[in-house]
Amino acid sequence: MIKAFKDAIPILEKMEDAGFEAYFVGGAVRDYLLEKPINDIDIATSATPEEVKAIFPHTIDVGIAHGTVMVVWNHYTYEITTFRTESTYVDYRRPEQVFFVRELKEDLMRRDFTINAMAMDKKGHIIDYFQSQNALSKKEIKTVGNPNERFQEDALRIMRGIRFVSTLGFQLEDETLKGIVDNKHLLSKIAVERVTMEFEKLLQGQWCSDALVILLATKMHLYLPMLESAEKGISKLAEIPLFKLTLTEKWIVLLLCIGIKDKQHIEVFLRSWKLSVKQIKNTQKIIYWILEREKATCWSDQMLYFATLSVAISAEKVYQLLWNQENNPIISTLEEQYIKLPIKSKEELVIGGNDLLHWTNKQAGPWIKEILSLVETKVVERIIPNDKQLIKEWLIECHQI
Ligand code: ATP
Ligand code: MG
């Protein structure tokens with residue numbers, strides 16, 4: 001067993017000592033058997049949340065209503081969820097109410113895909129009721145039970161199915177794929193935030209292109225925010241190697257592939273995916289600089305200064321990927337160029353508004369900001385050094401003050 005699980009064995013033991021069953025479940029067991037790095041370790045138990053809280057001194061209530069308590073153990077956190085079923089589904093969404101049960105099998109049965117429906121005990125024995133290990137060896141994504149029923153219970157599973165194509169490189173089993181095709185319209189009933197979380201995992205997967213091809217083949221895009229008529233753009237995206245990009249850069253490539261470049265349109269699109277204002281602003285800024293970069297032959301000091309280094313690097317990466325086939329080494333040189341800039345921000349200018357007032361005896365007004373901006377640009381362009389006396393002389397010479 002790997003260290004991450006070994007470290008958590010005392011948790012299972014404590015729960016068993018208190019008379020309950022407890023197992024490792026979900027994605028961690030799957031990834032462990034696939035010999036992939038594991039994310040978070042989830043534990044399922046026959047104990048109710050109150051019973052879990054009585055066993056461990058340090059717990060955090062993260063989702064009591066859904067049966068989940070977070071246990072802090074040796075500086076790590078573990079989500080411990082009571083065995084449960086989710087029997088009443090309203091409007092194709094995950095129910096608010098869950099029913100706790102005492103049987104592991106019932107808990108595993110409500111899980112989405114067979115590869116995610118295994119449990120592992122403290123000795124490392126795998127509990128496999130649904131031929132999950134067989135699915136792992138066949139690299140197959142198959143719903144636990146009837147795909148129609150399972151997708152109608154919670155349509156997010158449609159999205160999850162395709163994101164596992166992207167993150168694992170697995171195929172969708174035939175009936176499961178048919179279930180996706182037949183129920184894809186239910187995606188529009190799902191809270192956008194949940195869809196976005198899965199879509200972002202899809203974008204980040206190693207087999208993202210394969211997943212995008214299936215997304216188009218199943219016509220799922222028709223039910224995703226503002227992607228109804230983006231078929232061409234999505235096929236273009238599927239042909240671009242996205243591996244080296246950050247998540248923000250991947251969103252940007254998607255936007256550019258579907259022809260969205262202007263500020264307003266970017267905002268409407270990203271809002272429809274419920275991205276944060278901060279993410280939207282950052283995306284707008286990077287796309288603005290990609291378009292500026294397109295017009296220029298390289299990054300001038302002024303462009304680099306006003307864009308800032310991180311924005312310029314993102315813009316350059318996307319620009320090269322989309323418009324420049326040759327392997328241009330410019331990205332590493334951008335950093336060197338940035339380090340050499342005379343100033344990195346307005347605050348580093350040696351003069352301020354007070355100096356201008358002092359030198360001119362004029363009344364304060366908007367002219368101060370204008371002159372400071374002018375000086376800022378000239379210093380960045382190395383037309384004047386960042387030196388108080390020299391700046392003053394230059395301003396006088398140019399009749400600015
Ligand atoms: P990752 O490694 O990306 O976190 P994961 O399989 O662990 O993948 P999570 O979203 O963390 O995905 O979910 C944990 C487990 O909960 C899943 O493995 C699955 O057993 C179950 N699960 C999650 N979402 C659903 C759902 N919508 N319907 C049924 N079971 C689900
Ligand atoms: Mg997980």
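Atoms within a ligand are numbered from 1 in the order they appear, just like the ligands themselves.
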**Report entry** Distance-only N or O hit between ligand 1 and E198, under 3.5 Å
**Finding:** no
Query raised in the report: Can a non-hydrogen atom of R163 be found less than 4.0 Å from any atom of ligand 1?
Result: yes
Report summary line: Of R30, K36, R111, the residue with the heavy atom nearest atom 15 (C) of ligand 1 is R111
Query - Sub-3.5 Å N/O-N/O distance, A28 and ligand 1 - result: no
Query raised in the report: W273 vs W251 aromatic rings, parallel, tilted or perpendicular, using cut-offs 30° and 60°?
Result: perpendicular
Query raised in the report: Does NZ or CZ of K142 lie under 6.0 Å from the centre of the six-membered ring of F113, at an angle within 45° of the ring axis?
Result: no
**Report entry** Min heavy-atom dist D31 to ligand 1 below 4.0 Å
**Finding:** yes
Query raised in the report: Is there a nitrogen or oxygen of D42 sitting under 3.5 Å from a nitrogen or oxygen of ligand 1?
Result: no
Requested in this report: Look at ligand 1 and say whether F164 reaches it with a heavy atom at a distance under 4.0 Å.
Outcome: yes
Query - Pair T82-T48, side-chain donor/acceptor within less than 3.5 Å - result: no
Query - Ligand-residue contact atoms, ligand 1 with R110, heavy atoms, under 4.0 Å - result: 29 (C), 30 (N)
Query raised in the report: Can a salt bridge be assigned to the pair R102 and E51 using a cut-off of 4.0 Å between side-chain N and carboxylate O?
Result: yes
Query raised in the report: Judged by modelled atom types alone, do Q337 and D301 share a side-chain donor-acceptor pair under 3.5 Å?
Result: yes
Requested in this report: Give the atoms of ligand 1, by number and element, whose distance to some non-hydrogen atom of R157 is under 4.0 Å.
Outcome: 26 (C), 27 (N), 28 (N), 29 (C)
Query raised in the report: Would I158 and M220 satisfy side chain to side chain contact (heavy atoms under 4.5 Å, CB included), going step by step from the backbone distance to the final call?
Result: CA-CA 9 Å; I158 295 172; M220 271 169 72; 3.9 Å; yes
Query raised in the report: Going by atom types alone, do E370 and S373 pair a side-chain donor with an acceptor below 3.5 Å?
Result: no
Query raised in the report: With a cut-off of under 6.0 Å to the ring centre and 45° to the axis, is K139 in cation-pi contact with F170?
Result: no
Query raised in the report: Is D154 in polar range of ligand 1, meaning some N or O pair under 3.5 Å apart?
Result: yes
Query raised in the report: Would you say N39 and ligand 1 have an N/O pair spaced under 3.5 Å apart?
Result: yes
**Report entry** Numbered atoms and elements of ligand 1 in range of G26, under 4.0 angstrom, heavy atoms
**Finding:** 18 (O)
